[in-house]
Amino acid sequence: QVQLVESGGGLVQAGGSLRLSCAASGRTFSSSAMGWFRQAPGKELLFVAAISWSGGSTDYADSVKGRFTISRDNAKNTVYLEMNSLKPEDTALYYCALDPRTRGVPAAPTMYDYWGRGTQVTVSS
């Protein structure tokens, strides 16, 4: 069984930075694609970023390109989301997710089998 635990969220002023981490348990992490999603209150779940099992491929939502960077450390079973130049519209609950089958960088939440509980990011103006 896989468990995902996010951390690193918090309150930050617009223009600031945060680094989210997602620690995974289980033996499938190093062979799995990982993704970050976010959901603002009353809004739908949105794709943020994804990274392939090797880290060789990444994908980003247009809204975060150039500001966010996804990375992973397979030795530590951890995926990261570095968030810079944060905007109030980035405020949301951020989830990490694991896709044990896809070799690429899936953007659809339905591709992911395992989800963390989320970490709150709040950006003040």
Checking side chain to side chain contact (heavy atoms under 4.5 Å, CB included) for the pair Gln120/Leu11: CA distance, chi angles, key distance, verdict?
-> CA-CA 8 Å; Gln120 178 67 38; Leu11 174 63; over 6 Å; no

N-O pairing of Lys65 and Asp62 below 4.0 Å = yes

Output yes when a side-chain donor or acceptor of Arg72 lies under 3.5 Å from a complementary backbone atom of Ala33, and no otherwise.
-> no

How close do Leu4 and Ala24 get, heavy atom to heavy atom, and via which atoms?
-> CD2-CB, 3.5 Å

Could you check if a side-chain atom of Asn84 sits within less than 4.5 angstrom of a side-chain atom of Ser17, using non-hydrogen atoms only?
-> yes

State whether the side chain of Ser30 and the backbone N or O of Asn74 hold a donor-acceptor pair below 3.5 Å, judged by distance alone.
-> no

Is Trp53 close to Ser32 at the side-chain level, that is, under 4.5 Å between some pair of heavy atoms?
-> no

Shortest non-hydrogen separation from Val79 to Phe29 and the atoms involved = N-CZ, 4.0 Å

Go through Tyr80 and Arg19 one step at a time and tell me if the side chain to side chain contact (heavy atoms under 4.5 Å, CB included) criterion holds.
-> CA-CA 7 Å; Tyr80 305 97; Arg19 188 194 197 201; 3.6 Å; yes

Geometric class of the Phe37/Tyr112 ring pair [parallel <30°, tilted 30-60°, perpendicular >60°] | perpendicular

Contact check, side chains of Ser71 and Asp73, non-hydrogen atoms, under 4.5 Å = no

Flag the pair Phe68 / Leu86 as yes when at least one side-chain heavy-atom distance between them is below 4.5 Å, and no otherwise.
-> yes

Any sub-3.5 Å donor-acceptor pair from Thr78's side-chain atoms to Ala23's backbone N or O?
-> no

Yes or no on side chain to side chain contact (heavy atoms under 4.5 Å, CB included) for Leu18 and Tyr94, after CA distance, side-chain angles and deciding distance?
-> CA-CA 12 Å; Leu18 283 173; Tyr94 282 70; over 6 Å; no

Hey, are the side chains of Leu20 and Glu6 touching, using non-hydrogen atoms and a 4.5 Å cut-off?
-> no

Determine the minimum heavy-atom distance between Ala50 and Pro106, stating which atoms define it.
-> CB-O, 3.5 Å

Between Gly16 and Val12, the two heavy atoms sitting closest are CA-CG2, 3.8 Å

Can you check whether Val64 reaches Arg38 side chain to side chain, under 4.5 Å on heavy atoms?
-> yes

Worked verdict on Val121 versus Met83 for side chain to side chain contact (heavy atoms under 4.5 Å, CB included) = CA-CA 10 Å; Val121 172; Met83 305 186 296; 3.8 Å; yes

